[in-house]
Amino acid sequence: MNQPARAIASAPPVDSARSVMERISAHLSSVVQGKEAQARLTVTCLIAGGHLLLEDVPGVGKTTLAEALARSCGLSFSRIQFTADLMPADILGAQVFNATNATFSFRQGPIFRQLVLADELNRAPPRTQSALLEGMAQGQVSMDGNTYPLPSPFTVVATQNPLDLTGTYPLPDSQLDRFLMRLSLGHPAPEVEARLLTTRGRTPPVDALEPVTGPEELSGLRALAAEMRIDEAVAEYVVRLARATREHGDIERGASTRAVLAVGSAARAHALWEGRDFVTPGDIRAVLVPCLAHRLLLRSNVQGAAARDEAAHLVEEISRKVAAPR
């Protein structure tokens with residue numbers, strides 16, 4: 001790889017961007033302790049302009065992480081609890097009749113916020129899950145022949161439990177492919193749990209968080225990340241990785257072209273963390289598992305957490321075998 005050995009850490013926009021990203025990450029780590037790597041990837045996903053799927057057992061901080069992200073970035077926030085009887089109108093909104101002037105007007109649903117937490121997304125039927133699709137893909141809601149733009153920036157953070165599959169509806173491929181990353185928090189280390197017991201007061205720590213940035217600056221960070229350069233050699237490396245998932249004997253369906261683009265977007269945001277204006281193979285490998293594993297269809301019949309772990313293992317195996325450009 002013919003990559004110039006220079007960094008742009010001295011450039012004010014990059015310095016400022018790194019500082020903001022580090023402050024957001026520090027906020028997340030202050031309320032979801034012991035998960036610095038996941039906090040960093042969460043910020044990477046946000047700056048890359050993607051949606052995030054948090055897959056883990058209850059009680060490890062998924063909701064807190066989403067709330068902390070909204071507060072740290074000064075974003076309007078809503079939480080939607082997905083249940084079997086939730087209807088699309090409960091998410092999108094509905095036309096409401098006004099008896100005073102005998103007209104209908106659109107009443108916005110909870111999706112009209114800058115950060116939407118879709119809690120236990122797989123508890124709702126596919127028809128309701130799909131109510132999020134247009135918003136996640138195009139940043140708008142279409143209803144009764146009208147189109148309503150969503151606030152900008154717009155991000156969905158969804159959760160699901162990989163162990164309790166009773167009464168759930170697996171997310172369709174089209175839904176999974178809309179999530180830029182999938183992360184798992186896992187239980188904190190014993191010393192972290194002990195510290196939580198001794199330091200946690202009555203007020204949830206997320207309530208004390210103050211914004212470290214705002215929607216306008218966040219949009220600027222996204223624009224800056226999108227300008228990070230990917231050389232031809234690195235682009236070919238990403239394609240070889242994707243092709244390897246398509247040709248692997250244990251994978252029924254490999255990475256899509258959308259997945260390739262997702263890796264590129266996330267790697268650009270990761271390069272911004274590192275103070276560079278170009279993407280390296282290291283940036284690609286840093287985001288490969290979170291961006292690819294949830295998009296693969298395995299030949300084995302495993303489900304839930306076992307499928308998640310097997311997919312991550314296969315992506316890591318492919319990452320080790322595919323030669324990176326020098």
Side-chain angles (χ1 to χ4, degrees), residues 24 28 32 38-39 41-56 61-83 86-93 108-143 147-162 168-185 215 218-219 221-222 225 258-259 261-262 265-266 269 287 290-291 294-295:
I24 300 172
L28 301 185
V32 185
Q38 288 89 341
L41 282 170
T42 296
V43 177
T44 301
C45 183
L46 180 72
I47 300 303
H51 307 290
L52 176 64
L53 177 62
L54 294 174
E55 189 175 273
D56 221 317
K62 301 188 295 296
T63 301
T64 301
L65 183 71
E67 292 179 346
L69 188 62
R71 281 181 174 270
S72 301
C73 298
L75 304 177
S76 58
F77 175 78
S78 67
R79 174 182 177 177
I80 307 172
Q81 183 64 50
F82 278 67
T83 56
L86 191 74
M87 301 297 291
D90 297 326
I91 300 170
L92 303 177
Q108 295 182 350
I111 195 175
F112 285 86
R113 297 292 186 275
Q114 290 165 321
L115 195 151
V116 176
L117 170 60
D119 214 0
E120 297 187 283
L121 178 59
N122 59 338
R123 291 284 170 194
R127 178 167 173 257
T128 302
Q129 293 176 12
S130 65
L132 288 175
L133 277 178
E134 184 182 13
M136 294 173 68
Q138 301 174 34
Q140 65 181 33
V141 168
S142 297
M143 183 172 290
T147 299
Y148 305 94
L150 294 173
S152 178
F154 175 74
T155 299
V156 172
V157 176
T159 74
Q160 66 172 355
N161 182 346
T168 62
Y169 301 85
L171 301 185
D173 295 341
S174 58
Q175 188 92 50
L176 283 172
D177 212 27
R178 293 299 193 281
F179 288 102
L180 186 80
M181 286 188 186
R182 178 182 63 181
L183 298 178
S184 175
L185 295 177
L218 185 58
S219 296
L221 292 177
R222 287 183 170 185
R258 181 182 285 126
L261 297 175
S265 297
V287 301
C291 288
H294 64 290
R295 304 169 192 264

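The residues of the chain are indexed from 1 along the displayed sequence.
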Polar side-chain atom of His294 near backbone of Leu53 as donor-acceptor pair, under 3.5 Å: no
Salt bridge (Lys or Arg N to Asp or Glu O under 4.0 Å) partners of Asp90, counting only residues at least two apart: none
Partners passing salt bridge (Lys or Arg N to Asp or Glu O under 4.0 Å) against Arg295 (at least two apart in sequence or in another chain):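 Applying salt bridge (Lys or Arg N to Asp or Glu O under 4.0 Å) to Arg295 gives Asp177.
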Set of side chain to side chain contact (heavy atoms under 4.5 Å, CB included) partners for Pro153, sequence neighbours left out: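 Here the qualifying residues are Leu75, Gln114, Pro215, Leu218, Ser219, Arg222.
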Set of side chain to side chain contact (heavy atoms under 4.5 Å, CB included) partners for Ala266, sequence neighbours left out: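 For Ala266, the residues satisfying side chain to side chain contact (heavy atoms under 4.5 Å, CB included) (neighbours in sequence not counted) are Leu180, Met181, Val287, Cys291.
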Pairs where residues 65-75 contributes a residue and the test salt bridge (Lys or Arg N to Asp or Glu O under 4.0 Å) is met, not counting sequence neighbours: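 Those involving residues 65-75 are Arg71-Asp207.
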Spacing of CG belonging to Leu150 relative to CD belonging to Glu134, to within rounding of 0.5 Å: 8.0 Å
Distance, nearest 0.5 Å, that separates CD1 of Ile80 from CG of Asp119: 10.0 Å
Evaluation steps, side chain to side chain contact (heavy atoms under 4.5 Å, CB included), between Val32 and Gln38: CA-CA 10 Å; Val32 185; Gln38 288 89 341; over 6 Å; no
Smallest separation among heavy atoms of Phe82 and Ala118, with atom names: CE1-CB, 3.5 Å
Closest approach of Met136 to Val156 (non-hydrogen atoms, all atoms of both residues):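 Scanning both residues completely, I find the closest heavy atoms to be CG-CG2, 3.8 Å.
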Close side-chain approach of [X] to [Y], heavy-atom, < 4.5 Å:
X	Y	value
Cys73	Leu115	no
Leu92	Tyr148	no
Arg113	Phe77	no
Thr155	Leu52	no
Leu121	Leu132	yes

Where at least one partner belongs to residues 120-129, residue pairs that pass side-chain hydrogen bond (donor to acceptor under 3.5 Å, both in side chains), sequence neighbours excluded: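 Listed by first then second residue: Gln81-Glu120, Asn122-Gln160, Arg123-Asp164.
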